[in-house]
Amino acid sequence: MLRFIHIFVWLSRIFHCRGFGVQSPTDYAFVRYVINEHWPYYKYDEIGQGDHWLKRKVGQLYFRLANWRQPETVFGPSWQEYVKAGCCRCRMTAQPENAQLAIVSSRQQAERVLANYESRTVLVLDGRALTKELWHEIASAQLPTIAFDLYYCAIVIFNPKRTQQSYKINF
């Protein structure tokens, strides 16, 4: 039954796949080559063996995100295997507000990042319930963000040089 729900979600977002409707060249490149990259990466065979298909899919996204961003500090203890594979030199931290890449799974962690974000911080809202609750707040707030709603998670990139933009992406 759960598989049918995922198929329904995918079909309802079919007009939002592979960067369709994204006008900014940098946002389009991010969607095409980080979020929806389908080519196998160098560590895919080594990471996430035995994980559920959805955890592996989201974990590979976090791997590509860490590979793209190359952060010095990362918060996201449950995704450490994927993130460390994407960026070997990153340091895992226990404080989400100090991280350049923060994968949060609670509202309290997300609020700490939102209160203390830095330029070019990447915030990932992990989990559909968390994403659904905070998505409208972040999208409607007057923060310099580029936000991507992926249904299973959401990615928020803080960039003071850009105007606020939000996208719905079929992931």
Can Trp68 and Phe30 be said to form a ring-ring contact (aromatic ring centres under 6.0 Å, His included), step by step? CA-CA 9 Å; Trp68 166 76; Phe30 180 75; 4.7 Å; yes
Nearest 0.5 angstrom please: Gln95 CD to Asn116 CG, how far? 10.5 Å
Shortest non-hydrogen contact from Gly76 to Met92? O-CE, 3.6 Å
Can you name the closest pair of heavy atoms from Pro96 and Ala102 and give their distance? O-CB, 4.0 Å
Check whether any side-chain heavy atom of Glu37 lies under 4.5 Å from a side-chain heavy atom of Gln60, and answer yes or no. no
Are the side chains of Cys153 and Leu61 in contact, using a 4.5 Å heavy-atom criterion? yes
Specify the closest pair of heavy atoms between Ser119 and Pro160, including all atoms of both residues, with the distance to one decimal. OG-CD, 3.5 Å
Below 4.5 Å, heavy atoms only, C-beta onward: do Asn67 and Tyr82 meet side chain to side chain? no
Please report the C-alpha distance between Arg64 and Tyr44 in whole Å, then the side-chain angles of each, then the deciding distance to 0.1 Å, and finally whether the side chain to side chain donor-acceptor pair (under 3.5 Å) criterion is met. CA-CA 10 Å; Arg64 293 190 304 270; Tyr44 276 2; 2.7 Å; yes
Inter-residue atom distance Ile155.CD1 - Leu150.CG, 0.5 Å rounding: 5.0 Å
Report the distance from atom OH of Tyr167 to atom CG of Asp27, rounding to the nearest 0.5 Å. 3.5 Å
Side-chain heavy atoms of Val83 within contact of Cys90, under 4.5 Å: yes
Among Arg107, Gln109, Gln108, exactly one meets side chain to side chain donor-acceptor pair (under 3.5 Å) together with Glu111. Which residue is that? Arg107
For residues 92-126, which residue pairs qualify under ring-ring contact (aromatic ring centres under 6.0 Å, His included), counting only residues two or more places apart or in two chains? Tyr117-Phe158
Single hit among Thr145, Thr26, Ile157 for side chain to side chain contact (heavy atoms under 4.5 Å, CB included) with Arg162: Thr26
Main-chain N/O of Gly48 paired with Arg56 side-chain donor or acceptor, under 3.5 Å: yes
Gap between atom CG of Leu65 and atom CD1 of Ile35 - 0.5 Å precision: 8.0 Å
Taking it one step at a time, do Tyr42 and Phe63 satisfy ring-ring contact (aromatic ring centres under 6.0 Å, His included)? CA-CA 11 Å; Tyr42 55 94; Phe63 165 83; 5.6 Å; yes
Quick one: closest heavy-atom pair of Val113 and Glu97, and the distance? CG2-N, 4.3 Å
Is atom CD of Glu118 surrounded by more than 12 heavy atoms (other residues, nucleotides or ligands) closer than 6.0 Å? no
Are side-chain heavy atoms of Ile103 and Asp126 found at a separation under 4.5 Å? yes
With a sphere of 6.0 Å drawn around CD of Glu72, does it hold more than 12 non-hydrogen atoms of other residues, nucleotides or ligands? no
So which heavy atom on Phe75 is nearest to which on Thr93, and how close? CD1-O, 3.3 Å
Just wondering, are more than 12 heavy atoms of other shown residues or ligands nearer than 6.0 Å to OH in Tyr33? no
Do the side chain of Thr73 and the main chain of Asn98 share a donor and acceptor less than 3.5 angstrom apart? yes
Once the angle between the rings of Trp79 and Tyr62 is folded into 0 to 90°, is it parallel (under 30°), tilted (30 to 60°) or perpendicular (over 60°)? perpendicular
Roughly how far apart are Gln49 CD and Asp51 CG, rounded to 0.5 Å? 8.5 Å
Tell me the closest heavy-atom pair linking Gln100 and Arg69, and the distance in Å. CB-NH2, 4.1 Å
From Ile169 CD1 over to Asn36 CG, what is the distance, rounded to the nearest 0.5 angstrom? 7.0 Å
